[in-house]
Enquirer: 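One structure follows; several queries about it will come next.
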Amino acid sequence: MRLRALLETDALGLRLLGGEDELDRTVRGVMTTDLRDPSRYLSGGELVLTGLAWRRDTEDSEPFVRILAGAGVAGLAAGEAELGDIPGDLVEACRQHRLPLFAVNETVAFATITEHVVRQVSGERAGDLAAVVDRHRRLMTSGPAGGGPEVVLDLLTSDLDLRAWVLSPTGRQIAGAGASLPGPLGAALAGHHLAATRTGRRGPHRAAVAGTTYSLFPIRNTGRGAVPAARDVRESVLSDWLLAVEADASDWPAARLDLLQGVTQLIAVERDRRDAARTVRRRLAQEVLELVQAGAAPAEIAARLRVAAPVLLPGLGVAPQWQVVVARVDWSSGDQVGAGDDIASGPVAQALLEEILVDPAVSGPESADRIAVAHTGEEAIALVPLPTPTTVAADPGEGAAGDGDAEALDADPGLHADALLASVREPLSAGLADDGRLTLGVSAAVHSAEGLRGALEEARHARRVAAARPGRVCAAGHHELASHVLLLPFVPDDVRRAFTARLLDPLRDYDRRHRAELIETLEAFLDCDGSWTRCAARLHLHVNTLRYRVGRIEQLTGRDLSRLEDKLDFFLALRMS
């Protein structure tokens, strides 16, 4: 039973004096004591009843409470019959050690409380065990074929009062019982799960988010697409689902833990069935990709696209536009030479890209039906169909507004690199930890088979641009390939280091010695297009102070910030540093 239930029983005469945030603790038993040190009789989880006979002065309260807290008791109930009001030093000691404290009315006997707790705990244990046994039987007979993960989760809620959700590695809800999880909460739980998994700890993992405790159970992919016997956790960590349960499983009996492990196995079977349904889309993507890379005639590629369009956009009736997205997961070897070299990253990148391309606001396991992803080597390549503007334009009766919307779609249709990663960056960074990177490139939309080869190369170039940036999860889009950022990733590292050192090292050395903030001033000055007044306002400086700093920059580097060539050199040095 929970401590909270004690307050809801008027006959017990309990009054809460502190520990409101700890009332969800589980009570496993009850003990009455007036010993100054009862630790040898405590095993944890008890509600301790005391008449305060052990207390002689104010100094006695803190050691007594410290002993109880160290033994892991659930709470302390002090009788008012001996001293009247509960002493303030006892209240303060319980607050200090986060131990819930109750006052017991002098008209209530400790035997009454003891009898109530023992009866409730014994009854709940028996009932819970019976429910677990029955649940095993019913779950195994219903199975995934009986309606998918939702059926299993509904049974957990109705019979064991457990709210649970199946989440993807990015935190997107795949299935749930009752209310949906908010997107940020799902992402936070996925991040906790991925971080714990990377440490090698076995599940379930405990996570506290926004004042609520969740237990996170890994759902291992045991089907045909699974990694055999998990040679390395990095081969599966970014593709496994998880079961999030709104409860603290750390004090669960073994029978209940076994039940939840059985639930994860059922959901794993369901996931294998859903993955098998993706086989057609993956094969279509692989066929188109092989034709494009082999330089096949556009007519042959177009024929394959005509086969793919009805599968990926059923009922559309027109040839869509297409976009190509390329993703790669790289693992560094760290201290172990070659430790990341033999990890099969292609399938992981494929499963991850299929997840990233799903609209995060859409729940359910079938929401990736219009995504075709192949993998070749260490790359995953997605062929994404986009409805042509005419298929999504507004009703003709809406007049000019509909025409404007169509023109906007023509101007900038499709996926955008930054938007793809906005909701998944946090959890994926936790899974990549300190030795992994995800880089992603997005092409422009193309209208025909002739444009696919160029779109593939464009997406690959964009991914290389993303790979040159700092951070664990990076993306770049086609629009960035028409600026200086296209050139920077291909500058050799030794040239890059020499160029930036020559321009920026004198400023960094000066900043270290004098805390002059010359680098920050230079960045702001260039960002403000050399405007003295705007730059001074941004840095909250007087214009004369700004002129002094710029003069110092020019003196240390031998450059002139009024010249376009020198401004450009500084700009590129800052981008490459």
Side-chain angles (χ1 to χ4, degrees), residues 1-122 124-125 206-215 247-252:
M1 67 177 301
R2 305 285 179 181
L3 280 176
R4 190 181 306 279
L6 296 174
L7 288 175
E8 298 170 354
T9 306
D10 295 337
L12 299 183
L14 295 179
R15 181 164 49 89
L16 183 65
L17 300 181
E20 294 86 350
D21 297 336
E22 305 291 334
L23 291 179
D24 285 326
R25 291 187 180 187
T26 301
V27 179
R28 298 193 183 94
V30 62
M31 174 189 175
T32 301
T33 185
D34 275 312
L35 295 174
R36 297 170 70 88
D37 181 3
S39 57
R40 60 184 177 275
Y41 302 112
L42 298 171
S43 59
E46 297 92 350
L47 173 67
V48 174
L49 306 176
T50 181
L52 301 178
W54 49 266
R55 181 184 178 278
R56 297 184 177 86
D57 56 47
T58 59
E59 303 299 323
D60 293 336
S61 292
E62 196 280 331
F64 180 77
V65 173
R66 179 171 9 102
I67 289 169
L68 298 186
V73 305
L76 173 65
E80 296 178 323
E82 183 73 19
L83 301 178
D85 290 338
I86 305 302
D89 49 273
L90 180 59
V91 175
E92 174 58 26
C94 288
R95 185 199 64 77
Q96 178 183 344
H97 290 281
R98 301 180 63 85
L99 183 66
L101 175 63
F102 302 89
V104 182
N105 190 282
E106 61 181 354
T107 62
V108 178
F110 283 177
T112 301
I113 299 174
T114 300
E115 181 183 354
H116 176 82
V117 172
V118 169
R119 186 170 58 249
Q120 291 296 319
V121 170
S122 299
E124 288 190 8
R125 283 177 179 165
R206 184 179 183 276
V209 180
T212 302
T213 300
Y214 298 86
S215 295
D248 187 351
S250 60
D251 59 356
W252 281 4

Enquirer: Please enumerate all residues that pass side chain to side chain donor-acceptor pair (under 3.5 Å) together with Thr26, with sequence neighbours excluded.
Expert: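 Once residues adjacent in sequence are excluded, the partners of Thr26 under the side chain to side chain donor-acceptor pair (under 3.5 Å) criterion are Arg2, Asp251.
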
Enquirer: Please list all pairs meeting salt bridge (Lys or Arg N to Asp or Glu O under 4.0 Å) that have one or both residues in residues 41-54, counting only residues at least two apart or in different chains.
Expert: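 Sorted pair list comes back empty.
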
Enquirer: State, to 0.1 Å, how close Val27 and Gly29 come at their nearest heavy-atom pair, and which atoms those are.
Expert: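 The pair with the smallest heavy-atom distance is CG1-O, 3.3 Å.
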
Enquirer: For the CG atom of Leu68 and the OG1 atom of Thr50, what is their distance to the nearest 0.5 Å?
Expert: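 Between Leu68 CG and Thr50 OG1, I get 8.5 Å after rounding to 0.5 Å.
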
Enquirer: My understanding is that only residues two or more places apart in sequence, or in another chain, count here; which of them pass salt bridge (charged side-chain N to carboxylate O under 4.0 Å, His left out) with Asp34?
Expert: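 With sequence neighbours excluded, Asp34 shows a salt bridge (charged side-chain N to carboxylate O under 4.0 Å, His left out) to no residue whatsoever.
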
Enquirer: Applying side-chain contact (heavy atoms from CB on, under 4.5 Å), run through Leu76 and Leu90 and close with a yes or a no.
Expert: CA-CA 10 Å; Leu76 173 65; Leu90 180 59; 4.1 Å; yes

Enquirer: Output every pair passing ring pair (Phe, Tyr, Trp, His ring centres under 6.0 Å) with a member in residues 12-51, not counting sequence neighbours, ordered by first then second residue.
Expert: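 Every pair satisfying ring pair (Phe, Tyr, Trp, His ring centres under 6.0 Å) with a residue in residues 12-51: there are none.
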
Enquirer: Quick one: CG on Leu52 to CD1 on Ile86, what's the gap to the nearest 0.5 Å?
Expert: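 Interatomic distance, Leu52 CG to Ile86 CD1, rounded to 0.5 Å: 5.5 Å.
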
Enquirer: Is any side-chain heavy atom of His116 less than 4.5 Å from a side-chain heavy atom of Leu6?
Expert: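 His116 vs Leu6: side chains touch.
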
Enquirer: Go through the structure and list residues passing ring pair (Phe, Tyr, Trp, His ring centres under 6.0 Å) with Tyr214, not counting sequence neighbours.
Expert: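 Checked Tyr214 against ring pair (Phe, Tyr, Trp, His ring centres under 6.0 Å); zero matches.
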
Enquirer: Thr33: what forms a side-chain contact (heavy atoms from CB on, under 4.5 Å) with it, not counting sequence neighbours?
Expert: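 So Thr33 forms a side-chain contact (heavy atoms from CB on, under 4.5 Å) with Met31, Leu35, Pro38, Val48.
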
Enquirer: Can you tell me how far apart CG (Asp24) and OG1 (Thr213) are? Round to the nearest 0.5 Å.
Expert: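 If I round to the nearest 0.5 Å, the distance is 8.0 Å.
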
Enquirer: List the residues meeting side chain to side chain donor-acceptor pair (under 3.5 Å) with Ser39, not counting sequence neighbours, and say none if there are none.
Expert: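 Ser39 satisfies side chain to side chain donor-acceptor pair (under 3.5 Å) with Asp37 only.
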
Enquirer: What heavy-atom pair brings Leu12 and Val108 nearest, and what distance separates the two atoms?
Expert: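 Distance-wise, the nearest heavy atoms are O-CG1, 3.4 Å.
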
Enquirer: What residues, two or more places apart in sequence or in another chain, satisfy side-chain contact (heavy atoms from CB on, under 4.5 Å) together with Ala247?
Expert: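 With neighbours one apart ignored, the set is Leu162, Val245, Trp252.
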
Enquirer: Taking side chain to side chain donor-acceptor pair (under 3.5 Å) as the test, write out the residues that go with Asp60, two or more places apart.
Expert: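 Listed in chain order: Arg36.
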
Enquirer: Under the side chain to side chain donor-acceptor pair (under 3.5 Å) rule, collect the residues that match up with Asp89, sequence neighbours excluded.
Expert: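 With neighbours one apart ignored, the set is Arg55, Ser61.
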
Enquirer: Pair up each side-chain donor or acceptor in residues 95-105 with any protein partner under 3.5 Å, not counting sequence neighbours, and list the distances.
Expert:
unit_1	atom_1	unit_2	atom_2	d
Arg95	NE	Glu92	OE1	3.0
Arg95	NE	Glu92	OE2	3.3
Arg95	NH2	Glu92	OE2	2.5
His97	NE2	Glu62	OE2	2.7
Arg98	NE	Glu22	OE2	3.3
Arg98	NH2	Glu22	OE2	2.5
Asn105	OD1	Thr107	N	2.9
Asn105	OD1	Thr107	OG1	2.6

Enquirer: Does anything in residues 55-79 form a ring pair (Phe, Tyr, Trp, His ring centres under 6.0 Å)? List the pairs, not counting sequence neighbours.
Expert: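 Pairs touching residues 55-79 that pass the test: Trp54-Phe64.
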
Enquirer: Check for a donor-acceptor pair, side chain of Arg25 on one end and backbone N or O of Val73 on the other, with a separation under 3.5 Å.
Expert: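 Answer holds: yes.
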
Enquirer: Over all heavy atoms of both residues, which pair between Ala71 and Leu42 is shortest? Give the atoms and the distance, please.
Expert: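 Between these two residues, the closest heavy atoms are CB-CD1, 3.8 Å.
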
